[in-house]
> 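Provided herewith is a single structure, encoded as structure tokens, for subsequent inquiry.
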2 protein chains.
Amino acid sequence: MEKRERLIMRLKEQGFKLTPQRLAIIELLEEGGHPRAEEIYERLSRRYPMLSRATVYNTLEVLKGLGELAELRIEPQAVRYDLETKPHCHFLCRRCGRLLDLGAPRGLERLLGKELEGHKIEEVQVSLYGLCADCAKEGQE
Amino acid sequence: MEKRERLIMRLKEQGFKLTPQRLAIIELLEEGGHPRAEEIYERLSRRYPMLSRATVYNTLEVLKGLGELAELRIEPQAVRYDLETKPHCHFLCRRCGRLLDLGAPRGLERLLGKELEGHKIEEVQVSLYGLCADCAKEGQE
DNA sequence: ATAATTGCAAAAGCTTTGCACGGAA
DNA sequence: TTCCGTGCAAAGCTTTTGCAATTAT
């Protein structure tokens, strides 16, 4: 099943309404790319000039509440969003700013629900920073 | 050697000036607690009412540049700071908001300098979220 | 002496909020 | 019909910036 269909189902199931704005936001998120809220707003504004930032944030909040959207706290400036909610590593290139998915080390997912030193783990984020393959080649620093 | 002395040495070594403001900021950071910039500003303002936010941010920037300060991107709202720059895990309690140090899994430090799928790793942050031991006991959710 | 640093105030971003209108169910 | 959702605008926070005055070396 497509992510899109699953999200639509879960929205209705929970009594949330499906609006063209929400659908557009979901479809954009489905493309991956880990957009920031501002990016989502800007890209969708072209097609829906009346779209407001409040709606973007509202929709993201709803999807987060459903547990269907991960909020990546990897850049200091802004949150990025990811429909993939299973724990995995992210890599942020300090040169081109691209945010790439890396695999998940075996055991990362098994952390969820466990206790570490008495603290109950509900979410895990592994963020790696450096130079991506492309930038390492081209720039030589 | 104390962290404080090491930082003073490194500042002078690199031609940076040591000012009372910077010393105070360093001493506060030495206490740990992973303060936010605003927290540093507020706490030091009591003793140094003329202190400005710009100076706080400036000093944090200098210490980051020296590689002596880690910038924790673990909360969406604000960056937290940590004089411990060796990679280790952090735990943020969603109830009380405390940020705790957890140990580093063997192998975490060894990631630095390595390549993963062609990407050169320069920094690692592992952030865990959930309920801390105290909150899990008291609140029962 | 002199170049770095400070404080202040304004500005820049991201995100949140209040409210009246409009539309999905 | 009844809420939920939307758009707009304003406000809240964190962080950055420009500049003249100050200060560490």
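Each chain gets a letter, A, B and so on, in the order its sequence line appears, and its residues count up from 1.
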> For A:Arg53 and C:dG18, what is the distance between atoms CZ and P respectively, to the nearest whole Å?
19 Å

> If you compare every side-chain N and O of B:Thr55 against the phosphate oxygens of C:dG7 (OP1, OP2), does one of them come in below 4.0 Å?
yes

> Below the 4.0 Å mark, does C:dT5 have OP1 or OP2 next to a side-chain nitrogen or oxygen of B:Thr59?
no

> Please examine the side chains of A:His90 and A:Asp82, heavy atoms only from C-beta on, and report whether any two atoms are closer than 4.5 Å.
yes

> Looking only at side chains, do B:Arg73 and A:Tyr129 share a donor and an acceptor under 3.5 Å apart?
yes

> Could you walk me through whether A:Arg10 and A:Glu5 pass the side chain to side chain contact (heavy atoms under 4.5 Å, CB included) check?
CA-CA 9 Å; A:Arg10 296 230 43 216; A:Glu5 295 171 21; over 6 Å; no

> In whole Å, what is the span from the CG atom of B:Leu18 to the C1' atom of C:dT6?
14 Å

> Heavy-atom count check: over 12 atoms from other residues, nucleotides or ligands less than 6.0 Å from A:Lys12 NZ?
no

> Take the protein atom CD of B:Gln21 and the nucleotide atom P of C:dA4, then report the distance between them rounded to whole Å.
17 Å

> Judged by each residue's nearest nucleotide on DNA chain C, which is more toward the 5′ side, A:Tyr81 or B:Val56?
B:Val56

> Would you kindly give the CD1-to-C1' distance between B:Ile8 and D:dT25, to the nearest whole Å?
15 Å

> Measuring from the side chain of A:Ala78 (C-beta onward, heavy atoms only), which nucleotide among D:dA24, D:dG7, C:dT15 has the closest atom?
C:dT15

> Between A:Lys17 (NZ) and C:dC21 (C1'), how many Å, whole number?
13 Å

> Between P on C:dC19 and CG on A:Asn58, what's the gap in Å once rounded to a whole number?
17 Å

> Between B:Phe16 and B:Ala54, name the one whose nearest nucleotide on DNA chain C is closer to the 5' end.
B:Phe16

> Using 30° and 60° as the class limits, which term best fits the ring planes of A:His119 and B:Phe91: parallel, tilted or perpendicular?
parallel

> Starting from the 5' end of DNA chain D, give me the residue, B:Gln77 or B:Lys12, whose nearest nucleotide shows up first.
B:Gln77

> What is the distance, to the nearest angstrom, from the CD1 atom on B:Ile25 to the P atom on C:dT6?
7 Å

> Does B:Thr19 place a side-chain N or O at less than 4.0 Å from the phosphate oxygens OP1/OP2 of C:dT6?
yes

> How close or far is atom P of D:dT14 from atom OH of B:Tyr57, stated in whole angstroms?
7 Å

